[in-house]
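Some notes on the structure that comes next.
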Amino acid sequence: MAASPIFLCVRNLSMPGHAHPPLDVPAETDTLLAGLNPEQRAAVTAPGSALVLAGAGSGKTRVLTTRIAWLIATGQVSPMGVLAVTFTNKAAREMLTRLSALLPIRTRGMWVGTFHGLANRLLRIHHREAGLPELFQILDVQDQLAAIKRLLKRLAVDSERFEPRRVQAFINAQKEQGLRPALVEAWDPYSRRLLELYAEYEAQCQREGVVDFAELMLRSYELLERNALTRAHYQERFRHVLVDEFQDTSLLQYRWLMLLRRADNALFAVGDDDQSIYAFRGANVGNMARFMQDLGIGEPIRLTQNYRSHAIILDAANAVIAHNVNRLGKDLWTAAGRGEPIRHFEALDDAEEARFVVEEVQDLHREGLPWGGIAVLYRANAQSRALEHALFTAGVPYRVWGGLRFFERAEIKHALAYLRLVANPEDDGAFLRVVNFPARGVGARTLEHLEAAARTQGMSLWQAACQGGARNKGLAAFVALIEDVRAQVRGLPLAETVAVTVERSGLLTHYRGERDGEERLENLQELTNAAVAFAIENETQDLMAFLAHAALEAGEYEAAAHADAVQLMSVHAAKGLEFPAVFITGLEEGLFPHENALVEQDGLEEERRLMYVAITRARQRLYLTHAQSRMLHGQPRWGLPSRFLEEIPTGLIKPIRARSSGSWGAKASPLAPGHASDARTTTGGAPGPTPARRTDYPYALGTRVLHPRYGEGVVAGYQGQGPETEIRVTFPHVGDKWFILAYARLTVRGGVARG
DNA sequence: TTTACAACTGTTTTT
DNA sequence: CAGTTGTAAA
C-alpha cells in the first residue's frame, strides 16, 4: 500500500521549522490584531510560553488561530514549524478553516489535529522505531472491548469476577498515566491478576498488529522518549506548540507535549479549568498548575470578557461555578445587556417536560428564530428518546448528536472488518467479526478448532484457516472470498475498493433480505460516499489512512447534518458550541448531578462544571427544566430538583407554568412536604401512570423522616412499585440510602406517616 | 449450526 | 427498556 501524500510530505525530515522571512501576505499584522481586546492581544503576541485561562465565550479559538497567523505573518515561524493540538476533529477543522481565512497559506501539510490523530501520524511515519507493523490497525472502544473479551475467553478467566469493561477501564487508566504493566504496583491478588491481563492484552495486540486509542498516545510518547534523534528532529521543527482545551489533557498527554519542548520553543496552552469535564477519561486539570510551574509562568493570561451571553445568563453561570472549591478563579463579564430572565419549568414527568420543550421551541420558531438556533441539552444520551418522540410528533425538524455514530454502526463495522482483512488478513479481530457474517456455516465448533490450531502453531486465525485446508466448507469459502477480493481490489482507487469489498462481502444481499435492512443499506452506500469524500479531501487513495480515519473520527457522516433543525445533544457534546436559545433538561438530583458522579472523587465538582458548560452555551434565552418523575429502565423513578437550580440566585429565574389547562407548573420548594399525595391533573395528553401511582407513596418527596439507625433524613425519591418499591432517603452524614419501602422503619417527625 | 426466544442485567459523559 | 447471554428446538 502506497503511503499517502500526507505522510510523504511530513517524511521530509529536513524541513526547517525555524524562523524564516516574513510571508508576503496582504494581511498586515495590525489587521490581524485589530478588534482584539487587550487581554486577547496580550495572549496572541505573548513572547515565549504562556497559559491562557479562557472563559467560555471569551474568544478562545480566535486567539489561538490569530496567534498562529500572527506568528507566521511576522516571520517567527513557518507553517511547518507549528504544532497545534485539539481534542476533537471538529475543533481541528475549525482551526484550519479560520487560519486559511486569515492567511493565504497552504494548510494541508501543517500539523494541526487531535492528540490521537497526530499520534497516529507519528506512528505511521516511525512505525519501525515504534515497534509496529507498517499496517497497524486502530481499535476503537468497541473493538478494544471485543479484543478483551476474546482474551478473557482464551485465558479461561472468570469474566464474572473480571468484567471485560472493568479490565478495559483498568488497562486504559494505566496507559493514560503512562504506565506499562511492569511499572504498575499491585498488592492484592485481584490487582495482580488485572495486571497479568494487561500484560497479556498487550501481547495479543502486538501479535495482531493493533493499537487502541490509549496505546496511540503511549506508543508515540515512548517513541519520542526513547529515540533522541527523532525527538530532536521534532523539537527542532516545532518551534511553536499550541494546545486547545488544555484542561482536558491527561498526564500522558502532558508529558507527550513536554517531550516536544526545547528551551527555545514556545508552548502556548489555552484552557478553562471551569470547563474540565473529562476527568472520567483521564483528564487532569492539575496540568494547568503544573504547566505554570514547569515553565516558570507566574500568572496565566485571563480572558474574562464574554462575547456570547447576556448578563443574566453569565451571572447564573458565575453563581453556580462559585460553589466549586478547586478553581484557579475567574469571573466572566459582558458588555451586553442583562437580557431576559432564565425560565424554569417543573414537569410532572419526562413526557410533559418534552411537550413543554416542543411548545416553547415552536414559539421561538414562530418568533423568527431558525430551528438550528435552538439546542436541547441533557446529561445522558438516553434522555433524548422522550424529546425526540415529542419533536417528531409535532413535526419539528431535529437532529440528534452523539449516540451511535456512523462508523460505530454494526453494518459499518462489518464492512470495515472486511476492509481490514483486505488490508491485512492477519487481523484476528476483523476475522472473527465477519468470518460468519453473513452466516456461512462457520459455527462455534469450527472456530474452536481454528483457535486451537492457531494457538499451538503461534499463528493468526487467517494463517490457520489457510493451512487447515477446507475442513469446513464455509471456512474455505470465506478464505477464498477474502483472497479473491484482495486480488480484485489491488491497484483500485479507494472508493472502488470500498464499493467492491462491500458488494462482494454479501452484506448488501444480507440486509436486502432483512425487515429493517433499509437504513443499513443506505449506511453501506454512505460508506462508499465517505470514502470518496475522504479521498478527495486528503488527496490519498490509501486504505489504511481511511481505516484510521474511520476509527479516529467516528461521527460526522450523518445525512442532513446541515439542515435547519433543532439540535439535541448531551452537555458534553455541546462544549464549544453556542446557541441563541438553550434548554437544559432533566435537572434532577441523581441525573444532573448524576448519582454515579456523587460517589466519585471530586465528582460533584465535575458535575457542576458540566452545568457551567451547559449554561454558558446560551446567548440570549435559557430554559431549565426538571421532571418530578422520569422513566428509567422501564420504571418510573422520582427525584428532587437538582441542587444546581438552587445555586442560581432566584432573582434571575422566572418560573413558568404549564400553559395547557388544569396543569401545574410553578416552581416548588424542594423541601416543602406534602405534595406527593395531591391528586393532580396534567396537560391534555395522556399523563401516563403518574398521578395514580403517586398516591401510593406514603411520604412526599422532601419529607423529613427518622430512621432508627441513620437518624433524620429527607425523602429523595422512589423506584419501582408494589411490594418491591424502594425509597431513597438522603442523610446529612451518610448520604443517600435505598430501602425497601415495606421494611424501612421510617417515621415522620410529628407523627406516623400514612401508608 | 442456526435460529428463536427467554432470562438477565446494567444503565454518564467520549477522543 | 434494550442489549446481551444462555438454552432449547429445528
Side-chain angles (χ1 to χ4, degrees), chain A residues 85-92 113-120 138-142 144-146 149 153 159-160 163-166 168-169 172 175-176 212-217 244-245 248-250 252-253 275-283 350 377-386 401-405 407-408 410 436-448 472-475 548-549 551-556 569-576 586 590-600 603 606-607 609-611 613-614 630-637 719:
Chain A
V85 197
T86 63
F87 271 88
T88 67
N89 296 290
K90 204 156 89 188
T114 63
F115 272 105
H116 293 87
L118 295 170
N120 177 47
I138 300 170
L139 300 185
D140 69 13
V141 185
Q142 287 179 45
Q144 186 188 32
L145 189 62
K149 283 181 181 169
K153 208 172 136 203
S159 57
E160 300 257 301
E163 296 166 65
R165 301 187 71 101
R166 276 266 165 75
Q168 182 180 33
N172 288 338
K175 289 189 182 185
E176 270 148 17
D212 60 50
F213 283 159
E215 184 74 21
L216 282 173
M217 285 313 308
D244 191 15
E245 306 278 16
D248 288 337
T249 51
S250 68
L252 179 59
Q253 284 162 338
Q275 292 188 70
S276 163
I277 55 175
Y278 285 108
F280 70 93
R281 210 178 60 195
D350 45 354
L377 308 183
Y378 33 78
R379 174 67 240 267
N381 283 311
Q383 287 168 250
S384 73
R385 289 179 165 284
W401 293 80
L404 201 55
R405 268 82 95 51
F407 283 111
E408 292 169 0
N436 196 38
F437 195 93
R440 51 172 72 80
V442 183
R445 200 60 184 271
T446 310
L447 285 178
E448 254 172 53
N472 176 300
K473 226 174 94 192
L475 190 57
H549 167 82
L552 292 172
E553 189 167 350
E556 302 308 305
M569 66 189 85
S570 69
V571 179
H572 282 91
K575 191 162 83 149
L591 186 59
F592 197 177
H594 197 281
E595 57 194 347
N596 292 0
L598 298 180
V599 298
E600 285 160 19
E606 174 132 328
E607 293 292 301
R609 291 191 291 266
L610 204 47
M611 182 66 183
V613 168
R630 182 177 296 279
M631 294 302 277
L632 196 71
H633 321 318
Q635 283 188 322
R637 179 161 157 180
Q719 188 167 28

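In what follows, every chain begins at residue 1, and chains take the letters A, B, ... in the order their sequences are listed. Keep in mind that this is a model prediction, so the values were computed, not measured.
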Tell me: [atom1] of [X] to [atom2] of [N], nearest whole Å?
{"X": "A:L145", "N": "C:dG3", "atom1": "CG", "atom2": "P", "result": "15 Å"}
{"X": "A:Y278", "N": "B:dT14", "atom1": "OH", "atom2": "C1'", "result": "6 Å"}
{"X": "A:E606", "N": "B:dT13", "atom1": "CD", "atom2": "C1'", "result": "8 Å"}
{"X": "A:N172", "N": "B:dT15", "atom1": "CG", "atom2": "P", "result": "14 Å"}
{"X": "A:Q383", "N": "B:dT13", "atom1": "CD", "atom2": "P", "result": "9 Å"}
{"X": "A:Q142", "N": "B:dT14", "atom1": "CD", "atom2": "P", "result": "14 Å"}
{"X": "A:L598", "N": "B:dT13", "atom1": "CG", "atom2": "P", "result": "16 Å"}
{"X": "A:F407", "N": "B:dT15", "atom1": "CZ", "atom2": "P", "result": "14 Å"}

Under 4.0 angstrom between [X] side-chain N/O and [N] OP1 or OP2:
{"X": "A:T88", "N": "B:dT14", "value": "no"}
{"X": "A:K149", "N": "C:dT5", "value": "yes"}
{"X": "A:T446", "N": "B:dT1", "value": "yes"}
{"X": "A:N381", "N": "B:dT13", "value": "yes"}
{"X": "A:N436", "N": "B:dT2", "value": "yes"}

To the side chain of [X], which of [options] is closest?
{"X": "A:F280", "options": "B:dT15, B:dT11, B:dT13", "value": "B:dT13"}
{"X": "A:R385", "options": "C:dA2, B:dT15, B:dT11", "value": "C:dA2"}
{"X": "A:V141", "options": "B:dT15, B:dT11, B:dT13", "value": "B:dT15"}
{"X": "A:F213", "options": "B:dT15, B:dT12, B:dT2", "value": "B:dT15"}

Find the distance between [atom1] ([X]) and [atom2] ([Y]) and round it off to the nearest 0.5 Å.
{"X": "A:M217", "Y": "A:N172", "atom1": "CE", "atom2": "CG", "answer": "13.0 Å"}
{"X": "A:R281", "Y": "A:E176", "atom1": "CZ", "atom2": "CD", "answer": "8.0 Å"}
{"X": "A:N89", "Y": "A:H116", "atom1": "CG", "atom2": "NE2", "answer": "10.5 Å"}
{"X": "A:R379", "Y": "A:L610", "atom1": "CZ", "atom2": "CG", "answer": "5.0 Å"}
{"X": "A:D244", "Y": "A:F115", "atom1": "CG", "atom2": "CZ", "answer": "9.5 Å"}

Face-to-face contact A:F87 to B:dT15 six-ring, under 5.5 Å, under 30°: no
Decide, applying a 5.5 Å centre-distance limit and a 30° plane-angle limit (both strict), whether A:H116 stacks on B:dT15. no
Describe the nucleic acid contact of A:E600 in one word from base, sugar-phosphate, nothing, applying a heavy-atom distance below 4.0 Å. base
Base, sugar-phosphate, or nothing for A:V442, non-hydrogen atoms under 4.0 angstrom? sugar-phosphate
5'-most contact on DNA chain B: A:R445 or A:S570, nearest heavy atom basis? A:R445
Between A:R440 and A:A597, who's closer to the 5' end of DNA chain B by nearest nucleotide? A:R440
Classify the angle between the aromatic ring planes of A:Y278 and A:H572 as parallel (below 30°), tilted (30 to 60°) or perpendicular (above 60°). tilted
Between B:dT13 and C:dT4, how far apart are the P atoms? Round to whole Å, please. 15 Å
